[in-house]
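All values below were derived from every heavy atom in this structure, side-chain atoms included, with hydrogens, water molecules and symmetry-related copies excluded.
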Amino acid sequence: MSSVSDQSSPATGRPSGASYAAAGVDIEAGDRAVELMKEWVKKTQRPEVLGGLGGFAGLFDASALKRYERPLLASATDGVGTKVDLARQLGVYDTIGHDLVAMVMDDIVVCGAEPLFMTDYICVGKVHPERVAAIVKGIAEGCVLAGCALVGGETAEHPGLLGPDDFDVAGAGTGVVEADLLLGADRIRTGDAVIAMAASGLHSNGYSLVRHVLFERANLSLDQHIEEFGRTLGEELLEPTKIYSLDCLALTRTTEVHAFSHITGGGLAANLARVIPDGLHAIVDRETWTPAPVFDLVGRTGEVERLELEKTLNMGVGMIAIVPEESADAALATLGDRGVDAWIAGEITERGEHTTGAALIGDYAS
């Protein structure tokens, strides 16, 4: 026969049994984090957003889409990968959110869609309110740069699965495009110009390779000053991902655009091939740009073959626009006015018998 006895502490008389806090989850710290992040989330609001933080769902007034003849919703979800571990080691939490927004919203804009709203998911081993608020600050700043609202999110505390200082981030976004203005492979024609937009650095892909090469093989340290960078290795590796959403939308308003390609995991050739139609071929000339020194450091230090680098890293190109040849100058002018470093990197040709969707030719300019 079993019985239940009083589990109060003899010293205090208060219950000493199991609790959520004793299991490692601090509800009060989570509430504090929400209070700290509110001011940043508010900065992302669009007129279509209803309510504020605290509800079970973010609300977006869909009546705003009535101006569209046939609105198509575009959605995407992504994370930042192992770059978050570098942020943890450096104790820098307010830039990783830019990376998250870029990975999500720059996928959405590829089809010509305007970013509307985003939600985030932050998983931590232990809630440190100021750290969570700093992460959300970065996400909110990224949303402003992308032109979208941050309508909600979730902070989850997972003690036992993650260490007290460990965290990960993910996000999902929604955009809208008029059906008749949908961009993609069916618009591309022979002779179109391939316009490259410069990356801000490594962006948020390939960090497993980068970390393996620079830290496991070369034993470099994050606080090590690298002369080619003019700053520390950690500062270079945490450079936020460029957000191209509003730049791409500006292009669609000022000139004819046939397609975009967001250069992420898989590299330039593989991502560009995703928007090239059957029968056509994209040729990109490496000699039209010089990748930033960080790409050379990874390749040289790890003795990484060029093909491996190019299918893992962006190699200095973060977004591609494919436009009619006669629109190339106008496209470059628009991007230049917006402070985007861009150039004609190649062209669309008919596909030969043994060619694939996209190819890189030549050597990088020295």
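Checking side-chain atoms of Glu178 against main-chain N and O of Glu69 turns up a donor-acceptor pair under 3.5 Å. Asp99 places a side-chain N or O within donor-acceptor distance of the main-chain N or O of Thr241, the cut-off being under 3.5 Å. A donor-acceptor pair under 3.5 Å is formed between the side chain of Ser200 and the backbone N or O of Pro240. At distances below 3.5 Å, not a single donor-acceptor pair connects side-chain atoms of Arg306 with backbone N or O atoms of Gly299. Put simply, the side chain of Asp106 gets close to the backbone of Ser245: a donor and an acceptor are under 3.5 Å apart. Of the possible polar contacts, none joining the Thr174 side chain to the Leu116 backbone as a donor-acceptor pair under 3.5 Å is found. For Thr77 (side chain) and Gly171 (main-chain N/O), a donor-acceptor pair under 3.5 Å exists by modelled atom type. No donor-acceptor distance shorter than 3.5 angstrom exists from the side chain of Gln224 to the backbone of Leu233, with no hydrogens or angles considered. The backbone N or O of Gly201 sits less than 3.5 Å from a side-chain atom of Asn314, completing a donor-acceptor pair. The closest donor-acceptor contact from the side chain of Arg189 to the backbone of Asp186 lies under 3.5 Å.
Annotation: side chain of Leu145 is in contact with side chain of His98 (closest heavy-atom distance under 4.5 Å). Met118 places a side-chain heavy atom less than 4.5 Å from the side chain of Val101. Within the 4.5 Å cutoff, side-chain heavy atoms of Asn205 are placed close to those of Met103. Two residues are said to be in side-chain contact when any heavy atoms from C-beta on lie closer than 4.5 Å; Leu251 and Leu335 meet this criterion. Two residues are said to be in side-chain contact when any heavy atoms from C-beta on lie closer than 4.5 Å; Thr252 and Leu181 fail this criterion. His212 has its side chain within reach of Arg217: a pair of non-hydrogen atoms, C-beta onward, lies under 4.5 Å apart. Val298 places none of its side-chain heavy atoms less than 4.5 Å from the side chain of Thr312. Two residues are said to be in side-chain contact when any heavy atoms from C-beta on lie closer than 4.5 Å; Lys242 and Asp247 meet this criterion.
Under the 4.5 Å side-chain heavy-atom criterion for grouping Ile, Leu, Val, Met, Phe, Trp and Tyr, Leu222 is connected to Phe229 within one hydrophobic cluster. Cluster membership check: Val304 does not share its hydrophobic cluster with Leu307, using side-chain heavy-atom separations under 4.5 Å among Ile, Leu, Val, Met, Phe, Trp and Tyr. Grouping the Ile, Leu, Val, Met, Phe, Trp and Tyr side chains by contacts below 4.5 angstrom, directly or via other members, places Leu86 apart from Leu100. The hydrophobic cluster containing Leu72 does not contain Val176, counting ILVMFWY residues as joined when their side-chain heavy atoms lie under 4.5 angstrom apart, directly or transitively. Linking Ile, Leu, Val, Met, Phe, Trp and Tyr residues whenever their side-chain heavy atoms come within less than 4.5 Å leaves Leu202 and Val104 in two separate clusters.
With no hydrogens or angles considered, no side-chain donor-acceptor pair links Glu130 and His128 at under 3.5 Å.
Under the 30°/60° scheme for interplanar angles, the aromatic rings of Trp343 and Trp289 are found to be tilted. Using cut-offs of 30° and 60° on the angle between ring planes, the pair His262 and Tyr244 is perpendicular.
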Exercise for the section: Just do the side-chain contact (heavy atoms from CB on, under 4.5 Å) check on Leu150 and Val136 with the steps written out, would you? Expected result: CA-CA 9 Å; Leu150 181 59; Val136 174; 4.2 Å; yes
Practice task
Verify side-chain contact (heavy atoms from CB on, under 4.5 Å) between Val84 and Phe167, making sure each step is shown before the conclusion.
Solution key: CA-CA 7 Å; Val84 297; Phe167 74 98; 4.0 Å; yes
Handout entry: Pair His258-Val275, side-chain contact (heavy atoms from CB on, under 4.5 Å): steps then yes or no
Key = CA-CA 10 Å; His258 288 165; Val275 299; over 6 Å; no
Problem - Audit row: Val210, Leu313, side-chain contact (heavy atoms from CB on, under 4.5 Å) steps and yes/no - result: CA-CA 9 Å; Val210 171; Leu313 306 177; 4.2 Å; yes
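Between atom CG of residue Leu332 and atom CD1 of residue Ile195 there is a gap of 4.5 Å, rounded to the nearest 0.5 Å. Between Thr301 atom OG1 and Phe215 atom CZ the span is 11.0 Å, to the nearest 0.5 Å. Residue Asp120 holds its CG atom at 6.5 Å from OG1 of Thr155, rounded to the nearest 0.5 Å. Separating the CD1 atom in Ile139 from the CD1 atom in Ile96 is a distance of 10.0 Å, to the nearest 0.5 Å. Residue Leu90 holds its CG atom at 9.0 Å from OG1 of Thr95, rounded to the nearest 0.5 Å. In this structure, Asp166 CG and Leu161 CG are separated by 10.5 Å, a value rounded to the nearest 0.5 Å.
Shortest non-hydrogen contact noted between Gly173 and Met105 is CA-CE, 3.8 Å. The minimum heavy-atom distance linking Ile108 with Ala74 is given by the pair CD1-O, 4.0 Å. Shown here for Ala282 and Leu272, the closest heavy-atom pair between the two residues is CB-CD2, 3.7 Å. Closest of all the heavy-atom pairs between Glu228 and Pro293 is CB-CB, 3.9 Å. Scanning both residues, Leu162 and Cys123, for their nearest heavy atoms gives CD1-SG, 3.6 Å. Scanning both residues, Val194 and Glu347, for their nearest heavy atoms gives CG2-N, 3.8 Å.
Under a cut-off of 6.0 angstrom, the local environment of CZ in Arg274 is sparse, with at most 12 non-hydrogen atoms contributed by other residues, nucleotides or ligands.
Between Asp85 and Arg88 a salt bridge is recorded (basic side-chain N to carboxylate O distance below 4.0 Å). Salt bridge Lys311/Glu308: present, at least one basic N to carboxylate O contact under 4.0 Å. Glu114 has a carboxylate O that lies under 4.0 Å from a charged side-chain N of Arg67, or vice versa, which qualifies the two as a salt bridge. Salt-bridge check for Arg131 with Asp165: passed, with a basic side-chain N closer than 4.0 Å to an acidic carboxylate O.
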Scan the side chains in residues 315-329 for donor-acceptor partners under 3.5 Å anywhere in the protein, sequence neighbours excluded, and list what turns up.
residue, atom, partner, partner atom, Å
Ser327, OG, Thr255, OG1, 3.4

